[in-house]
2 protein chains.
Amino acid sequence: MERCLTMERVRATYRIETPGDVHKAAESLAGEQSSGTFVEVPGEDETLRNRFRARVESVTERNAAEVPSLPGSRPPGSRYRRADVTVSWSVENFGYNLPTLVSTLQGNLYELAQFSGLKLMDFEVPPSFADRFRGPAFGIAGTRRLTGVEGRPLIGTIIKPSVGLSPEQTASIVSELAGAGVDFIKDDELMADPPHSPFNKRVSAVMDVLRRHADRAGKRVMYAFNISGELDTMHRHYDAIVNAEGTCAMVSINSVGLAAAKAVCDRGELAVHAHRNGWGMLNRHPLLGIDFRAYQKLWRLAGVDQIHVNGIANKFWEPDDSVVHSIESCLEPFLGGHSVMPVVSSGQWGGQAPETWRRTRTLDLLYMAGGGIMAHPDGPAGGVRALRQAWEAAVAGLSLEEAGRRHPELARSIAKFGGKG
Amino acid sequence: MERCLTMERVRATYRIETPGDVHKAAESLAGEQSSGTFVEVPGEDETLRNRFRARVESVTERNAAEVPSLPGSRPPGSRYRRADVTVSWSVENFGYNLPTLVSTLQGNLYELAQFSGLKLMDFEVPPSFADRFRGPAFGIAGTRRLTGVEGRPLIGTIIKPSVGLSPEQTASIVSELAGAGVDFIKDDELMADPPHSPFNKRVSAVMDVLRRHADRAGKRVMYAFNISGELDTMHRHYDAIVNAEGTCAMVSINSVGLAAAKAVCDRGELAVHAHRNGWGMLNRHPLLGIDFRAYQKLWRLAGVDQIHVNGIANKFWEPDDSVVHSIESCLEPFLGGHSVMPVVSSGQWGGQAPETWRRTRTLDLLYMAGGGIMAHPDGPAGGVRALRQAWEAAVAGLSLEEAGRRHPELARSIAKFGGKG
């Protein structure tokens, strides 16, 4: 095995900015993440160094800036050079240890004074990772199977207001939404197990409604219950969902963290809905943090089945190009084919369907609308119908206006939400 | 209980930057993190809103900038106003749920287009949190008790090279370091359980050495074994340390995450050494992420006993003011008095002791030197002696030069490392 391990390598690509030479900066990066200290130490002989050192695979210089992106780089310069740098490590350095892989790929790098900017853009793992990491147990195919939805995006919504509703009030809204035809409903990320809506009571009340709905309408609505909390609590809440015949657990992945989220995913009985709240902190700066392509790979290794990607013309800061890039990343094969379902949300009401389709050409989306469904002039049923109409129109190549002339519900969505798209 | 909960509030302070009005931006922040969607929804009546809404407690306007700190804010302006904003939530919103507290305090905020910068600076929890969260089981007092070191900083070091050594090679270095008089030794964050140094073998080899050393010298050296990994593995490795009579487990807290780290801390049999690698991503930008004061409180709630703070004149980007602020944060009472031991490291060799003492006036530090010990001209024993001499001199009010004239080991440290301080 050791022979095999020494030949397999993990490769990572960074976008860097440095006041010095980009090649030297790349070597610092590799040194810090394999054997770095500020003086040579006894015991670190050449053989050891060669076997375990990170290797700079390529350096592609880009533009330069006159102002550093981040404070604290040394020495202060008049130009800050940018480059894309690929570095590789032998798998032997860390074995198959996800947190230590993260510490190696990111770790102290953001603190190095050689850099005035550093972002992990992507990484690649060798095929042996597929033997050690199952990836998403459900993913796109499993989510479709659990909900019985094929040939179109799943239409989902969020319980609002985020906080304050009792389990009975939540169940009553769920009943209305299920009747309206939604495929998927989720708790808000601010709602987990507060005193006014104890988790088990909410599960019981909601699942009573959804079981009855399934019996009556033959349609199984997926509800993502937010289990985010301490580890024991998450396991207990997971059990409660399984026992109530639920199909999905939601985890605020950044708040819960990688090791606990993986422990949840490893159970494999429920689809895991990954909410990425906190993501802006890790990504909004162009030269700090981690790009979504690398981020979603980490979470696919952990095994999440659905992950948030924002949406076209969203209410947040994120530009459309970035959203499209995120959706494409989720659909790329990884670990020999495991998929993760992109969750489109934020200010969506159907008006964005044509542009989402035009740019991504995929229907493998969980398409979430909050107000776009609940605040539809005809009520939630009208909101859901309008969303489906918008997607059918998009795939048929119709403009939103053309589709609105054919479908009254969509016409009313356009009239109400069209100015806010 | 409900009555009590509705009166208790969590308060958080943010540094914000916005192209709009700072008061309106503060209200957006509060709205997003309690009940936000882009349209009014039925069911959200005024009573519910008042009970659960986040409240803007204060807005203190600061300077303004002509260039936005982060991309994507709307509408584009010619001035970007800055302010410190305090917001509060009823504990009723989330109960005592640490990940959901994080999702509430941070969550989607970094993505709001109203902001061109946002950093969580600090937060305060009501006294009832002390009943639900034990905080560090060992902290400063427990770490001192386990190592038998009083009246001076603990002197620690890191096994280098980071990766590549076999368990036997590691144990041999540990033997030399223990003989040299160090109080504390740690694995590198890149070293957890790789094929060339299986965790259990490393624990066995290292603890054999340290038990023999304790028997012979009457001194118990604390070794922080890096258990970072998947949850089951962390528990197994924790057991291995306990069984071998070790006293400390190290966790890469950002890579492992909050819920799993808390599960480890909750066991309470070992001091938990929190390595913050990845921290630069969360903090290096002045208007994005989280300040160390807030960060260390989250990890004290999780229960870590020791946490990295960088050091004066470190090899990383961080300015001394920021390091001093971090050390002071760790020493502030929290949860009714629980302390966390600041771990000073990065390019330390003793030369920084006078300035560290002058600015913090504390000896409650785990003072780490890597090359400063291992590469000392007299060998590690000389390195440890020089570090202790530097600290004695600092407390006695001597300059480094004066102390160097009295102590030959310190003099040789100054000669070797003085140019790099």
>> Using ring pair (Phe, Tyr, Trp, His ring centres under 6.0 Å), reason through A:F52 and A:W89 one step at a time and then give a plain yes or no.
In response: CA-CA 7 Å; A:F52 292 98; A:W89 292 259; over 10 Å; no
> After noting the C-alpha distance and the side-chain angles of B:W317 and A:F115, does the key distance pass the ring pair (Phe, Tyr, Trp, His ring centres under 6.0 Å) rule?
Replying inline: CA-CA 9 Å; B:W317 81 279; A:F115 297 105; over 10 Å; no
>> Could you walk me through whether B:Q33 and B:T104 satisfy the side-chain hydrogen bond (donor to acceptor under 3.5 Å, both in side chains) test, starting with their C-alpha distance in whole Å, then the side-chain angles of each, then the deciding distance to 0.1 Å, before giving a yes or no?
In response: CA-CA 6 Å; B:Q33 291 311 80; B:T104 305; 5.6 Å; no
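Within the 4.5 angstrom heavy-atom criterion, only side-chain atoms of B:L288, from C-beta onward, approach chain A. Contacts of B:D232 with chain A are absent, with no heavy-atom separation under 4.5 Å from either backbone or side chain. Neither the backbone nor the side chain of B:N283 comes within less than 4.5 Å of any heavy atom in chain A. Both the backbone and the side chain of B:N108 come within less than 4.5 Å of a heavy atom of chain A. With a 4.5 angstrom heavy-atom cutoff, A:N93 touches chain B via backbone and side-chain atoms both. For chain A, the nearby part of B:E318 is the side chain; its heavy atoms alone come within less than 4.5 Å. Within the 4.5 angstrom heavy-atom criterion, atoms from both the backbone and the side chain of B:P71 approach chain A. Of the atoms belonging to B:S103, heavy atoms from both backbone and side chain fall under 4.5 Å from chain A.
Annotation: maximal heavy-atom pairing with chain A below 4.5 Å, among B:G280, B:S255, B:A113, occurs at B:S255. Among B:G257, B:G107, B:S172, the residue making the largest number of heavy-atom pairs under 4.5 Å with chain A is B:G107. In terms of heavy-atom pairs under 4.5 angstrom with chain A, the leader among B:E189, B:H275, B:M281, B:H285 is B:M281. By number of non-hydrogen pairs under 4.5 angstrom with chain A, the leading residue of B:M191, B:E230, B:Q106 is B:E230. The residue among B:A302, B:S197, B:G289, B:A263 with the most heavy atom pairs within less than 4.5 Å of chain A is B:G289. Ranked by non-hydrogen atom pairs under 4.5 Å with chain B, the options A:G278, A:P194, A:G164, A:A259 are led by A:G164. The candidate with the highest count of non-hydrogen atom pairs below 4.5 Å against chain A, out of B:L190, B:L98, B:V102, is B:L190.
Summarising the geometry, atom CG belonging to B:N97 is positioned 9.0 Å from atom CE belonging to A:M234; distances are rounded to the nearest 0.5 Å.
Because its NZ or CZ atom is not both nearer than 6.0 Å to the ring centre of A:Y110 and within 45° of the ring axis, B:R284 does not count as a cation-pi partner of that residue.
Residues B:N310 and B:R276 are in side-chain contact: their nearest non-hydrogen atoms beyond the backbone lie under 4.5 Å apart. Between B:L101 and B:L301, the closest side-chain pair of non-hydrogen atoms falls below 4.5 Å. Side chains of B:L177 and B:I373 form a contact here, defined as non-hydrogen atoms less than 4.5 Å apart.
If you check the side chains of B:S413 and B:H376, you find a donor sitting under 3.5 Å from an acceptor.
Using a 30° and 60° split on the angle between ring planes, A:F133 and A:Y96 fall in the tilted class, from 30° to 60°.
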